[in-house]
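Residue numbers start from 1 in every chain, and the chains themselves are labelled A, B, ... in the order their sequence lines are given, proteins ahead of strands. Just so it is clear, the values below take in all heavy atoms, side chains as well, and ignore hydrogens, waters and symmetry mates. If you're wondering where the values come from, they're calculated on a predicted model, not measured in any experiment.
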Amino acid sequence: MEAASDSPNFKLGNLRPEDWIGVLALVAIMAAMSAGVFFRYVLNDSLSWSEEFARYGLIYVTFIGTTTAIRRRTHVRVDIIDLVLRAEAKHWVRLLVDIACLLFLAYLCWRTTQIMGFLQSSRTPAMQIPVNWIYGGMLAGLGMATFRQLMIIGNDLEELRS
Amino acid sequence: MILLLGSLLALLAIGVPVFAALGISSTVYMLVHDIQPLIAVQQMFAGIDQFPLLAVPFFVLAGNLMNASEITDRIYSFATTVFGRFRGGLGHVNVFGSLIFAQMSGTAVADASGLGTIEIKAMRKEGYDTSFAVGLTAASATLGPLIPPSLAMVIYGSVASVSVGQLFVAGIVPGLLLALSFHGIVHILSVQRGYPRGQACSGREVGVAFARALPALFTPVIIIGGMMAGVFTPTEAAVVAALYALALDLMLYRNMDVRSIIRVLFETFETTAVIMVMVACSVVFGAILVREQVAQDFTRLLLQIASEPWQVMLALNIMLLIAGMFLDTIAIILIVTPVILPALQASGIDLVQFGVVMVLNLMIGLITPPVGLLLFVLARIARLDFAATVCACIPFIAPMLLVLMLVALVPSLSLFLPNTFYRN
């Protein structure tokens with residue numbers, strides 16, 4: 001789960017667009033929550049939007065970060081198969097796994113698009129922004145994840161060939 | 001139901017990421033049973049659109065910030081001045097340092113990779129066996145999720161609909177017991193093997209080290225104190241802890257540049273997403289479990305073989321220990337909790353107590369083969385091969401099992417504090 005926290009060779013240049021968007025979303029959540037706490041305890045005046053904003057920000061972070069974790073292969077998985085199989089068999093299983101993930105992500109994209117069709121006129125309770133702005137973030141994240149998964153499969157095939 | 005669980009296990013076994021394994025098995029089930037699939041997307045959305053879960057990024061961030069600055073070193077030198085003088089002193093320092101660090105971090109891996117690196121290096125230099133150093137560091141890192149704050153407990157609280165504040169407070173006494181049991185085994189092994197004593201420090205030196213570590217030691221006062229006094233919700237406490245850690249780094253220690261701040265933010269972002277996308281998919285999976293009445297069937301089956309609460313407790317613990325050998329902590333909490341909730345309620349086991357039992361149980365899974373997150377992390381840090389790391393951890397499993405048994409069988413160990421502070 002915390003494979004990310006062990007990167008001593010962290011380089012800013014290795015960050016991709018989705019990483020920067022995700023970090024910005026995280027900072028936005030932090031700012032909103034901090035403002036919420038500050039207003040409530042220091043100014044004794046609750047902000048109506050900060051909680052909702054932060055919750056939706058977390059949805060952005062979740063699905064954009066899914067992309068990052070797919071690219072860097074840092075999603076939580078059981079890696080017992082790596083200990084059992086020989087190198088060549090491992091590559092084939094990995095390809096199979098990546099194709100399964102690709103299909104799932106693409107399927108989710110399709111269903112999310114569908115649901116956005118139904119929610120066109122819905123607005124959020126506190127901020128009164130279109131609900132589809134949040135579902136849109138989910139869709140964008142899933143779409144990028146699908147794209148990265150496709151690239152990963154390309155890598156798999158190249159590894160298999162060599 | 002066989003389709004659902006069978007496909008999940010098969011997908012997990014070939015190495016499909018947990019989130020996708022949950023999602024794919026649910027999707028296949030929904031297609032076969034002709035369930036409206038759009039519900040699933042809404043369930044994923046609603047599953048992570050929850051205020052308590054906002055604590056996740058902030059507790060991750062607070063831990064990462066502590067690790068990136070010199071806070072960890074200061075905690076370590078303070079622990080050395082206190083415990084260095086005893087036989088096997090650095091062993092005691094290891095436990096005590098982790099205990100302090102646990103009050104700021106919510107995961108075991110943060111502890112092992114930050115403090116653990118310093119501890120193992122120091123212990124090797126002073127002539128301790130590498131296996132003792134590695135095993136102890138792994139074991140003491142498991143204090144992280146038990147002592148509040150705790151990521152695992154935030155997740156359990158959201159799945160089981162239990163107050164996260166109560167769970168946090170309930171973990172304090174079991175966490176201290178675990179630390180005590182580690183001190184015990186360090187003492188026994190050190191005397192047996194003749195590990196060295198460190199230098200005794202004067203009261204003045206202890207005082208100086210304490211003062212240097214004080215800003216960090218103050219964090220639990222904010223988090224635990226604020227929650228127990230009812231000032232903060234756990235989510236707000238997480239925000240305040242992260243802001244406090246950030247303020248310490250930027251204003252007091254000033255050893256973080258823009259690059260390291262971005263690194264910390266990026267790591268927090270990725271870790272948060274990896275956890276939350278599992279939460280999202282597990283909600284869909286959980287809804288199908290409910291529809292299939294899996295939990296009811298499981299309860300009936302369990303109550304047939306186990307009638308007394310202690311028997312239920314034993315059966316569930318054995319199940320969790322086995323699951324913990326293969327699967328990640330958060331993933332197990334997400335998958336298993338909805339299945340066993342009715343059984344817990346039917347046999348009168350308190351959900352807060354069980355949360356602590358579950359986390360403690362799964363911590364053992366972090367240091368048992370074939371899959372154990374802490375084993376992987378420490379094998380890399382100590383440059384030890386996997387089998388040697390596994391062996392190094394074995395002596396420390398005994399005290400963990402002992403404390404697990406105590407906490408499982410004596411409810412008041414975990415429930416005394418939350419009953420005193422929350423339920424009057």
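Note on B/Phe386, B/Phe376, B/Phe51, B/Phe326: by heavy-atom pairs under 4.5 Å with chain A, the leading option is B/Phe51. Between chain B and the residues A/Ala25, A/Ala100, A/Ser34, the largest count of heavy-atom pairs under 4.5 Å involves A/Ser34. Counting heavy-atom pairs closer than 4.5 Å to chain B, the top residue among A/Glu52, A/His75, A/Arg94 is A/His75. Among A/Met30, A/Met138, A/Gln114, the residue with the largest count of heavy-atom pairs under 4.5 Å with chain B is A/Met30.
In this structure, the portion of A/Leu26 lying under 4.5 Å from any heavy atom of chain B is its side chain and not its backbone. For A/Glu18, the part sitting under 4.5 Å from any heavy atom of chain B is the backbone (N, CA, C, O) and nothing else. B/Leu38 touches chain A through backbone and side chain together, each having a heavy atom under 4.5 Å away. Proximity to chain B is limited to the side chain of A/Val37, based on heavy atoms less than 4.5 angstrom apart. Within the 4.5 angstrom heavy-atom criterion, atoms from both the backbone and the side chain of B/Val231 approach chain A. Of the two parts of A/Leu15, only the side chain, counted from C-beta on, holds a non-hydrogen atom closer than 4.5 Å to a non-hydrogen atom of chain B. Looking at A/Tyr135, both its backbone and its side chain come within 4.5 Å of chain B, counting heavy atoms on both sides. Residue contact with chain A, scored on non-hydrogen atoms closer than 4.5 Å, involves the side chain of B/Val371 exclusively. For A/Met33, the parts sitting under 4.5 Å from any heavy atom of chain B are the backbone and the side chain alike. The contact between B/Leu61 and chain A is made entirely by side chain atoms (from C-beta outward), counting heavy-atom distances below 4.5 Å. Looking at B/Gln42, the atoms closer than 4.5 Å to chain A (heavy atoms on both sides) sit in the backbone and in the side chain alike. The part of A/Leu96 that comes within reach of chain B is its side chain, from C-beta onward, which places non-hydrogen atoms under 4.5 angstrom from that chain. Only the side chain of B/Pro57 comes within contact range of chain A, with at least one heavy atom under 4.5 Å from a heavy atom of that chain. For B/Val16, the parts sitting under 4.5 Å from any heavy atom of chain A are the backbone and the side chain alike. Contacts of A/Val27 with chain B are made by side-chain atoms alone, with heavy-atom separations under 4.5 Å and no backbone atom involved.
Here A/Asp19 pairs with A/Arg71 in a salt bridge; the nearest charged N to carboxylate O distance falls below 4.0 Å. Of the charged side-chain nitrogens involved, none lies within less than 4.0 Å of a carboxylate oxygen, so that A/Asp156 and A/Arg161 do not count as a salt-bridged pair. A salt bridge links A/Arg55 to B/Asp49: one of the charged nitrogens lies within less than 4.0 Å of a carboxylate oxygen.
The closest side-chain heavy-atom distance from A/Glu159 to A/Leu95 is not below 4.5 Å. Residues B/Leu327 and B/Ile335 are in side-chain contact: their nearest non-hydrogen atoms beyond the backbone lie under 4.5 Å apart. Using a 4.5 Å heavy-atom cutoff, the side chains of B/Met325 and B/Pro369 are not in contact. A heavy-atom distance below 4.5 Å is found between the side chains of B/Leu378 and B/Ile120.
A/Asp98 and A/Gln149 share a donor-acceptor pair across their side chains, judged by distance under 3.5 Å alone.
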Practice prompt. Apply the test side-chain hydrogen bond (donor to acceptor under 3.5 Å, both in side chains) to residues B/Asn64 and B/Thr268: give CA-CA distance (whole Å), side-chain angles for both, the deciding distance (0.1 Å), then the verdict.
Written response: CA-CA 7 Å; B/Asn64 284 349; B/Thr268 307; 3.2 Å; yes
Item to complete: May I have the step-by-step check of side chain to side chain contact (heavy atoms under 4.5 Å, CB included) for A/Arg77 and B/Phe19, ending in yes or no?
Response: CA-CA 9 Å; A/Arg77 53 186 282 268; B/Phe19 87 94; over 6 Å; no
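Applying the side chain to side chain donor-acceptor pair (under 3.5 Å) rule to pairs touching residues 236-246 of chain B yields A/Arg40-B/Glu236, A/Tyr41-B/Glu236, B/Thr233-B/Glu236, sequence neighbours excluded.
Under a cut-off of 6.0 angstrom, the local environment of CD in A/Glu88 is sparse, with at most 12 non-hydrogen atoms contributed by other residues, nucleotides or ligands.
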